[in-house]
2 protein chains.
Amino acid sequence: MSKSYEQYCPIAHALDIVGERWSLLVVRELLARGPRRYSDLHDALGGCGTNILAARLKELERQGVVRKRRLPPPAASTVYELTELGEGLRPVVHELAHWGLRTLSPPTADDDLAPGWLPGALRLAFPESPTTACIEFRIGGELASFVGGEVREGAADTPDAVVDGDAGGLYHLVVDHDLGAVDIRGRRAVVAELLATLPGSALLPALTAAE
Amino acid sequence: MSKSYEQYCPIAHALDIVGERWSLLVVRELLARGPRRYSDLHDALGGCGTNILAARLKELERQGVVRKRRLPPPAASTVYELTELGEGLRPVVHELAHWGLRTLSPPTADDDLAPGWLPGALRLAFPESPTTACIEFRIGGELASFVGGEVREGAADTPDAVVDGDAGGLYHLVVDHDLGAVDIRGRRAVVAELLATLPGSALLPALTAAE
DNA sequence: CCGCATCCGATGTGATACTG
DNA sequence: CAGTATCACATCGGATGCGG
């Protein structure tokens, strides 16, 4: 879409930068997983055409959303990472993800999901510093934890709560706020608190009434 | 883009629905100005090709984002309006607008702006119920007011504060939180409170530090 | 392998014209 | 006013090539 909307409007301007096909998915990937190599991105995007990916990265770099960095010799490779401007897209992607969840049906099987999806999914699902509690998630073979408001891979040392279930259970926990969709050991209250930080907790109840 | 991203991911799914060119601008228009006719949309979008607009509206309707409604005889006409699902995009568009503002330079002249832009701009800029105060905005010939957390066209009866200036001043007020960029009569504090509800007030200070 | 650049058929876009 | 029809053209997606 090299063609701009040519409107004096922040939304049109934002879309001029990240509105092209694949662009926001590149940002999603960098937000959820951190700095990545070209071919990692290409794989994660379900193969979007190497030329397209190259074009998007070049454009995003030109716009100051993404930065290219060369790693030191031991692992000589180039990685792409978000600039501060690019990091600023987190709330946008976060809201978009929650809106998308409304019309996305629960996952059918864990096979659909790429290995290592859980930490990224949690990072995208929850705001940055939602709670000081420590919660461990064991979802369909994946393992990740909330520690001090941050998401880590792997188990937690002394979790306040452990959430156990499959991807469908996590879906219902996040979308329907159904604490019964997963198995929770420890302090259920901290999980409820975490859910209260979701955009949906303000929106969903309002849907039946007038918005 | 009739072609879906075909990923099990809420963001990819959201973009399958509103990620096509022009789609989010249609939503923006309906969010900011309420139900509109086909040709009003076509004008507001800077002429995006009637076939494209028709295709987008059809797709958005099919996806349950937009609804077509026929007005009663007196003003026999068809209008498009957002469904509850479509209204749910408000936080998304809201965040996107604030991100876009970061790299959008101040307006050069008021000529750039379509008549009646102010109420829509205020509705997009500020969250839904930010304050109970009553504030009147007089920006470059445009007139709009915050009353009870809602934006109205025209003057306010008994405003707590009156904000006077041009479009550039409003820009700096919203982006830089510069209360000096406009002329404020009455209680400055209620304007400062309103600014505190912006996403930027949480993000901008954090940019110099680590995000 | 990694990081692209090039070529090409399929598809989407944009301006104009035209119809109910 | 509310679209549909048409057509030149840009872009996309997929395959392939190719130097480091």
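Residue numbers begin at 1 in each chain, while the letters A, B, ... track the order of the sequences.
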**Student:** Roughly how many Å is it from CD in B/Glu61 to C1' in D/dA2, rounded to a whole number?
**Tutor:**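 For the pair B/Glu61 CD and D/dA2 C1', the rounded distance is 13 Å.
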**Student:** Does the side chain of A/Trp22 get closer than 4.0 angstrom to OP1 or OP2 of D/dC12 through an N or O atom?
**Tutor:**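 For D/dC12, OP1/OP2 do not have a side-chain N/O of A/Trp22 under 4.0 Å.
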**Student:** State whether the distance check finds a donor on one side and an acceptor on the other, under 3.5 Å, for side chain A/Thr50 versus base C/dA5.
**Tutor:**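 By the distance-only test, yes, there is a pair.
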**Student:** For the pair A/Tyr171 (side chain) and A/Leu104 (backbone), establish whether a donor and an acceptor sit closer than 3.5 Å, ignoring hydrogens and angles.
**Tutor:**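 Yes.
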**Student:** Closest approach to the side chain of B/Lys58, judged atom by atom: which nucleotide of C/dG3, D/dT4, D/dG13 is it?
**Tutor:**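 Given the options C/dG3, D/dT4, D/dG13, the side chain of B/Lys58 is closest to D/dT4.
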**Student:** Rounded to the nearest angstrom, tell me the gap between atom CZ in A/Arg37 and atom P in C/dC1.
**Tutor:**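 Value for this atom pair: 12 Å.
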**Student:** Within the pair A/Lys68 and C/dC4, is there a side-chain N or O less than 4.0 Å away from OP1 or OP2?
**Tutor:**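 Checking A/Lys68 against C/dC4: at least one side-chain N or O falls below 4.0 Å of OP1 or OP2.
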**Student:** Output the rounded distance in Å from NE2 (B/His42) to P (C/dA15).
**Tutor:**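 Answer to the nearest Å: 9 Å.
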**Student:** Taking only the side-chain heavy atoms of B/Asn51 (C-beta and beyond), determine which of D/dA2, C/dG3, D/dA5 contains the nearest atom.
**Tutor:**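 Comparing D/dA2, C/dG3, D/dA5 against the side chain of B/Asn51, the answer is D/dA5.
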**Student:** Return the 5'-most residue of the pair A/Asp43, A/Ala55 with respect to DNA chain C, ranking by each residue's nearest nucleotide.
**Tutor:**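 First, find each residue's nearest nucleotide; the 5'-ward one identifies A/Asp43.
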**Student:** In this structure, how many angstroms lie between the P atom of C/dC2 and the CZ atom of A/Arg36, rounded?
**Tutor:**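 Nearest whole value for this atom pair: 12 Å.
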**Student:** Report the residues that fulfil ring-ring contact (aromatic ring centres under 6.0 Å, His included) with B/His94, sequence neighbours left out, ordered by chain and then residue number.
**Tutor:**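 By the ring-ring contact (aromatic ring centres under 6.0 Å, His included) rule, B/His94 matches B/His98.
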**Student:** Determine all donor-acceptor pairs shorter than 3.5 Å in which one atom belongs to a side chain in residues 40-50 of chain A; sequence neighbours excluded.
**Tutor:**
from	atom 1	to	atom 2	distance (Å)
A/Asp40	OD1	A/Arg37	NH2	3.2
A/Asp40	OD2	A/Arg37	NE	3.0

**Student:** Return the value, rounded to whole Å, for the distance between atom OH of A/Tyr5 and atom P of C/dT13.
**Tutor:**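 Going from OH in A/Tyr5 over to P in C/dT13 covers 9 Å.
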**Student:** Would you indicate which nucleotide in C/dC4, C/dC2, D/dC1 comes nearest to any side-chain atom of A/Ser39?
**Tutor:**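 Minimum distance to the A/Ser39 side chain belongs to C/dC2.
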**Student:** On the nucleotide C/dG3, are OP1 or OP2 found under 4.0 Å from the side-chain N or O atoms that A/Ser77 carries?
**Tutor:**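 Result: yes.
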**Student:** Of all the nucleotides listed (C/dA17, D/dC1, D/dC12), which has the minimum atom distance to the side chain of A/Ile52?
**Tutor:**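 Minimum distance to the A/Ile52 side chain belongs to D/dC12.
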**Student:** Without decimals, in angstroms, what is the distance between B/Glu6 CD and D/dG14 P?
**Tutor:**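 Those two atoms, CD and P, are 9 Å apart.
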**Student:** Quick check on D/dG20: is either OP1 or OP2 less than 4.0 Å from any side-chain nitrogen or oxygen of A/Tyr38?
**Tutor:**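 For D/dG20, neither OP1 nor OP2 has a side-chain N or O of A/Tyr38 closer than 4.0 Å.
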**Student:** When the distance from CZ of A/Arg21 to P of C/dG12 is rounded to whole Å, what number comes out?
**Tutor:**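 Computing the A/Arg21:CZ to C/dG12:P distance gives 9 Å.
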**Student:** Tell me the interatomic distance from A/Leu53, atom CG, to D/dT16, atom P, rounded to whole angstroms.
**Tutor:**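 Roughly 19 Å, once rounded to whole Å.
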**Student:** Going from CG on A/Asp160 to CG on A/Leu194, what distance comes out if it is rounded to the nearest 0.5 angstrom?
**Tutor:**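 The CG atom of A/Asp160 sits 11.5 Å away from the CG atom of A/Leu194.
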**Student:** Among D/dT4, D/dC12, C/dG3, which is the nearest nucleotide to the side chain of A/Arg56?
**Tutor:**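 Selected nucleotide: D/dC12.
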**Student:** If I compare all heavy atoms of B/Val151 with all of B/Arg123, which pair ends up nearest, and what's the gap?
**Tutor:**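 Heavy atoms only, the tightest pair is O-NH1, 3.2 Å.
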